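Reading through the structure tokens given below for one structure.
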Amino acid sequence: MDDQHFMQMAIDLAWRGLYTTAPNPRVGCVLVSDDRVIGQGWHQRAGEGHAEVNAIDDVADADKTLLKEATAYVTLEPCSHTGKTPPCCEALIAAGVKRVVAAMEDPNPLVAGNGFNQLREAGIEVECGVLEEQARTLNPGFIKRMQTGLPWLRAKLAMSLDGRTAMASGESQWITGKAAREDVQRLRARSCAVISGVDTVITDQASLTVRPDELGLDLEQAQQIAQRQPLRVILDSQLRLPPTSRLLSLPGKVIVVTAKDDESAQCSLEQAGAEVLVLAGSDGKVDLSALVQWLASQDCNEVLLEAGATLAGALLKAGLIDHLTIYMAPKLLGSHARPLFQLPLDTMAQQQRLQIDSIEQVGEDWRIDCRPGQP
């Protein structure tokens with residue numbers, strides 16, 4: 001029996017829930033008997049059946065007896081606690097499977113090995129660690145939130161070949177092409193929240209919404225995905241966001257995070273549809289650490305940053321960015337244009353190193369995925 005082959009099938013199934021499972025993890029399950037797949041399923045959306053239950057339900061009546069000799073391949077340890085749905089380990093026990101192969105242990109402290117223990121106590125053979133690295137890429141945000149109490153923060157940036165993001169005037173539309181912009185829409189769609197700064201919103205009239213016609217997917221699927229809009233978080237230290245801003249009239253919740261306790265300005269924004277959150281730091285600006293902690297308290301797994309050089313630089317300097325997705329266009333904007341990050345470094349010893357994970361062409365542009373290394 002090829003454990004890696006069937007686990008890869010389960011991982012492929014789990015990716016189908018890329019845009020819909022938050023705040024739950026993306027999970028896939030394949031049931032195999034005598035090297036034949038008899039059932040498969042994935043977690044489709046929060047509050048509905050988990051992958052294991054869906055796979056069991058997928059087994060044809062004629063194959064139900066085969067469950068007694070079946071192996072369940074699951075991308076994440078079966079849950080052992082009752083949430084919106086019953087425990088998955090109990091469903092596997094009731095089905096009578098012989099063996100469970102999991103890619104990784106659940107980082108959720110409510111599970112964290114308990115699911116495996118219950119399966120073993122029921123006489124089921126358990127193995128863990130098959131294609132774990134691939135399975136972990138399914139849920140970077142869920143894993144980090146469970147382990148650290150913080151969301152996984154991806155910074156999305158677009159730049160010219162000479163590392164510029166906008167002209168000196170702030171004009172930036174469009175540095176990248178249509179394919180890259182569709183790719184960004186898919187990043188938004190998989191995110192629980194999108195962070196931006198008030199200057200970006202005012203200058204670009206940014207909406208920060210998921211737009212189905214720009215996802216580059218089947219329109220029916222895209223419309224279903226866009227029904228779940230990410231939380232839009234606008235950092236506005238001095239409450240400069242006009243209540244007439246376009247993004248306040250669009251679907252989805254908007255949180256304006258400020259350092260200024262101004263009841264009149266707050267009231268105007270709230271009447272326009274925003275919620276106002278005061279998180280003042282000692283420097284008179286928004287407390288960025290408190291912000292990401294608050295996002296985790298809202299069950300945000302993956303958070304996308306779409307902001308200018310100042311906010312991006314501040315979050316990078318604070319060590320709060322986990323991943324950078326940088327779109328590089330084959331253009332030159334010149335020495336007067338704005339930089340990618342506002343990072344006042346003076347010596348080579350202060351340089352910020354990045355670890356590049358991948359570089360791929362997206363339309364006429366290039367997408368660089370990397371992680372901050374040690375300064």
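The structure displayed is predicted, hence computed values, not measured ones. Position 1 is the first residue of the sequence; numbering continues from there.
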Is there a donor-acceptor contact under 3.5 Å from the side chain of [X] to the main chain of [Y]?
{"X": "Ser268", "Y": "Ser264", "answer": "yes"}
{"X": "Thr75", "Y": "Ala135", "answer": "no"}
{"X": "Ser196", "Y": "Ile234", "answer": "no"}
{"X": "Asp262", "Y": "Ala265", "answer": "yes"}
{"X": "Asp365", "Y": "Thr176", "answer": "no"}
{"X": "Glu77", "Y": "Gly115", "answer": "yes"}
{"X": "Thr137", "Y": "Gln134", "answer": "yes"}
{"X": "Arg232", "Y": "Leu247", "answer": "yes"}
{"X": "Asp236", "Y": "Leu241", "answer": "yes"}
{"X": "Lys156", "Y": "Leu187", "answer": "no"}

Please lay out, stage by stage, how Ile225 and Gln221 fare under the test side-chain contact (heavy atoms from CB on, under 4.5 Å).
-> CA-CA 6 Å; Ile225 290 169; Gln221 178 191 13; 3.9 Å; yes
Pair [X] + [Y]: basic N to acidic O under 4.0 Å:
{"X": "Lys98", "Y": "Glu125", "answer": "no"}
{"X": "Lys331", "Y": "Asp162", "answer": "no"}
{"X": "Arg181", "Y": "Asp183", "answer": "no"}
{"X": "Glu306", "Y": "Arg188", "answer": "yes"}
{"X": "Arg136", "Y": "Glu133", "answer": "no"}

Looking only at non-hydrogen atoms, find the nearest pair between [X] and [Y] and report the distance.
{"X": "Pro151", "Y": "Leu295", "value": "CG-CB, 4.2 Å"}
{"X": "Arg228", "Y": "Arg190", "value": "NH2-C, 4.1 Å"}
{"X": "Ala95", "Y": "Leu67", "value": "O-CB, 3.6 Å"}
{"X": "Ile38", "Y": "Ala70", "value": "CD1-CB, 4.3 Å"}
{"X": "Val210", "Y": "Pro230", "value": "CG2-CD, 3.7 Å"}
{"X": "Thr165", "Y": "Ile175", "value": "O-CD1, 2.8 Å"}

Give the cluster check for [X] versus [Y]: same hydrophobic cluster or not, with ILVMFWY residues linked at side-chain heavy-atom distances below 4.5 Å.
{"X": "Val74", "Y": "Val53", "value": "no"}
{"X": "Ile124", "Y": "Val30", "value": "no"}
{"X": "Leu92", "Y": "Phe6", "value": "no"}
{"X": "Ile255", "Y": "Leu320", "value": "yes"}

[atom1] ([X]) with more than 12 external heavy atoms under 6.0 Å:
{"X": "Lys64", "atom1": "NZ", "value": "yes"}
{"X": "Leu332", "atom1": "CG", "value": "yes"}
{"X": "Lys285", "atom1": "NZ", "value": "no"}
{"X": "Gln361", "atom1": "CD", "value": "yes"}

As an exercise, state the distance from [atom1] of [X] to [atom2] of [Y], rounded to the nearest 0.5 Å.
{"X": "Met146", "Y": "Asn139", "atom1": "CE", "atom2": "CG", "result": "10.5 Å"}
{"X": "Thr258", "Y": "Arg240", "atom1": "OG1", "atom2": "CZ", "result": "10.0 Å"}
{"X": "Asp106", "Y": "Leu76", "atom1": "CG", "atom2": "CG", "result": "4.5 Å"}
{"X": "Thr310", "Y": "Asp199", "atom1": "OG1", "atom2": "CG", "result": "7.5 Å"}
{"X": "Thr21", "Y": "Arg26", "atom1": "OG1", "atom2": "CZ", "result": "5.0 Å"}
{"X": "Ile56", "Y": "Leu31", "atom1": "CD1", "atom2": "CG", "result": "6.0 Å"}

Worked check of side chain to side chain donor-acceptor pair (under 3.5 Å) between Arg16 and Thr20 | CA-CA 9 Å; Arg16 297 191 188 185; Thr20 56; over 6 Å; no
Examine Arg145 relative to Trp152 and say whether NZ or CZ is less than 6.0 Å from the centre of the six-membered ring and inside a 45° cone about the ring axis.
->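 That pair does not qualify as a cation-pi contact.
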Using the ring-ring contact (aromatic ring centres under 6.0 Å, His included) rule, collect all pairs that involve residues 21-43, keeping only residues at least two apart or in two chains.
-> His43-His50
Does one side chain, of Arg154 or Thr325, offer a donor that lies under 3.5 Å from an acceptor on the other?
-> yes
Test item: side-chain donor near acceptor, Gln266 and Asp261, under 3.5 Å | yes
